[in-house]
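Quick note: numbers below take in every heavy atom, side chains included, and nothing from hydrogens, waters or symmetry partners. Given the structure is predicted, the values throughout are model-derived calculations rather than measurements. In this chain, numbering begins with 1 at the start of the sequence shown.
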Amino acid sequence: FRVDMKHRYRRDLVRGEAESTMSKQKLQQRMRDQTSAFLTRETGDKLFSCSTELWPLLLFVFQMKKCLHANSARPSEDRLTTVQFHPSAQVVMTAGLDQSVSLFQVDGKTNPKIQSIHLERFPVHKAQFSLDGEMVIATSLKNKMFYLYDMMEGRITPVHTVRGLNEARVKDFSVCPEGGALLLNGTNGYLHLLTLKTQEVVRSMKINGNVTGVAFSNDGSKVFTNSEEGEVYVWDMRSSRCVNRFTDDGCVKGTSIAASRNGQYLACGSQSGVVNVYSQEACLNSANPKPLKAVMNLLTSATSLTFNPSSEILAIASRAEDEAVRLVHLPSLTVFSNFPIAKRKVVYRASCLDFSPHSGFFSLANNKGHAPLFRLLHYRDF
């Protein structure tokens, strides 16, 4: 098996015209030589290193198989806003503007529908599994009310009022890693911590400008908040104190944020399409952290960012343009060259991205009402 070295992502590795193709083994060795400088990059006192088993990923061509759409058994009649894999079962959820939440079994072949619920006059803006995976929380575009769907009991509960919440609508939210609580994005820079058990706001935090993204550290002790004004705030969740604040490098307007599970990376998306990837440690401790890499592959606003569970891939997308999705390899911070598939429209406009619990599958929610599904062959498990 020989690799084409004329591709623009591999040109830097070529030493002379005779190397128009190269064996996989030789390319891997060449990359080891050439990238050793940045694969063990020191950031503060922490060493980032790349395990050798990841070298197949570093060929910048990712082995994946296009499967039947995750929701092909029940496509949405309107734009999908959510796709999310269940935290423990081989199940995926989709939700969207057609006022429905649907669950499918993921087998990659037929992806049979498990169930679908209809929420009257409630186009779903966002739906998320609770931490234990037993409940779905769903919000809409213009409602203060939101729904709790207990999947074990098949019970749908509307939550009409939340004590201590002075907001006209409940739209964007995050499930707290500690469980039992939601962090609601309010207006005018407010974040509200809501307990699901008592359905009340226990405390609020405020930033300057509007909140455009929220990302928890893996243990849930810190939360990173992106502002419309291009600033990132770091909050201590236990004390509700802002422990750091910095300007996202070169950003005029922030649009999205994501943190890797292994605690190494923080990604910040902007309206220009640039996604800055930082050391999480630098973001916690430095007043002026510098990005490890500015990913420039999106040409329109970076609206969705998500790391895979093993923190080896960062998926980035813009919902403003067809096929504007890229997969970035970590820690080399190189974009895989073969996704999306050139000259073939599969993705369309993606508004939500997710990986299955062990990265075996990747899916996205698009404006056509579909959730394209891909089997990532590098990973064995669901």
Side-chain angles (χ1 to χ4, degrees), residues 9-10 28 31 35 38-39 41 48-67 70 83-85 87 92 106 108 213 215-218 224 256-269 273-280 291-298 302-318 323-342 346-347 350-366 371-382:
Y9 288 119
R10 302 191 196 99
Q28 287 179 335
M31 291 172 72
T35 59
F38 69 79
L39 283 178
R41 177 194 282 122
F48 291 79
S49 62
C50 179
S51 66
T52 49
E53 69 194 63
L54 275 185
W55 283 107
L57 283 187
L58 274 173
L59 292 169
F60 311 141
V61 174
F62 197 59
Q63 297 302 312
M64 59 168 65
K65 192 176 92 182
K66 173 84 180 72
C67 303
V83 63
Q84 190 190 10
F85 290 95
V92 70
V106 182
F216 282 95
S217 63
N218 195 37
F224 302 93
S256 51
I257 196 165
S260 68
R261 295 236 191 122
N262 66 357
Q264 281 195 4
Y265 307 104
L266 184 76
C268 300
V274 175
V275 177
N276 282 328
V277 183
Y278 294 90
S279 148
Q280 227 180 92
L292 303 171
K293 175 79 180 256
V295 181
M296 308 273 197
N297 295 68
L298 299 179
T303 48
S304 298
L305 308 174
T306 189
F307 287 91
N308 81 319
S310 64
S311 308
E312 294 166 328
I313 302 170
L314 167 64
I316 66 175
S318 173
E323 309 304 296
V325 180
R326 298 292 181 272
L327 299 178
V328 184
H329 173 261
L330 302 163
S332 74
L333 293 161
T334 307
V335 175
F336 288 111
S337 63
N338 65 323
F339 185 84
I341 304 151
V346 174
V347 169
S351 59
C352 181
L353 316 164
D354 200 28
F355 292 91
S356 59
H358 296 286
S359 306
F361 286 92
F362 171 67
S363 187
L364 49 97
N366 74 17
L373 180 70
F374 302 88
R375 174 78 179 91
L376 306 188
L377 302 173
H378 180 79
Y379 300 99
R380 290 189 200 93
D381 300 326
F382 177 74

Give the minimum heavy-atom separation between A350 and V325, together with the two atoms involved.
CB-CG2, 3.8 Å
Note: V83 and A371 closest approach over all heavy atoms is CG2-CB, 4.2 Å
Validation row: [X], [Y] side chains within 4.5 angstrom (heavy atoms):
{"X": "D354", "Y": "S363", "value": "no"}
{"X": "L314", "Y": "Y265", "value": "no"}
{"X": "P372", "Y": "F374", "value": "yes"}
{"X": "H378", "Y": "F62", "value": "yes"}
{"X": "S351", "Y": "T303", "value": "no"}

Nearest 0.5 angstrom please: [X] [atom1] to [Y] [atom2], how far?
{"X": "L292", "Y": "Y278", "atom1": "CG", "atom2": "OH", "value": "9.5 Å"}
{"X": "S318", "Y": "N297", "atom1": "OG", "atom2": "CG", "value": "12.5 Å"}
{"X": "S304", "Y": "L353", "atom1": "OG", "atom2": "CG", "value": "4.5 Å"}
{"X": "Q264", "Y": "N218", "atom1": "CD", "atom2": "CG", "value": "12.0 Å"}
{"X": "K65", "Y": "L376", "atom1": "NZ", "atom2": "CG", "value": "11.5 Å"}
{"X": "I316", "Y": "T306", "atom1": "CD1", "atom2": "OG1", "value": "12.0 Å"}

Does the side chain to side chain contact (heavy atoms under 4.5 Å, CB included) test come out yes or no for V347 and N366, once each step is laid out?
CA-CA 7 Å; V347 169; N366 74 17; 5.7 Å; no
Apply the test side chain to side chain contact (heavy atoms under 4.5 Å, CB included) to residues V106 and F382: give CA-CA distance (whole Å), side-chain angles for both, the deciding distance (0.1 Å), then the verdict.
CA-CA 9 Å; V106 182; F382 177 74; 3.8 Å; yes
Determine whether the aromatic ring centres of Y379 and F355 lie less than 6.0 Å apart.
no
Cation-pi check, R375 onto F361 ring (under 6.0 Å, within 45° of axis):
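Yes, cation above the ring, under 6.0 Å and within 45°.
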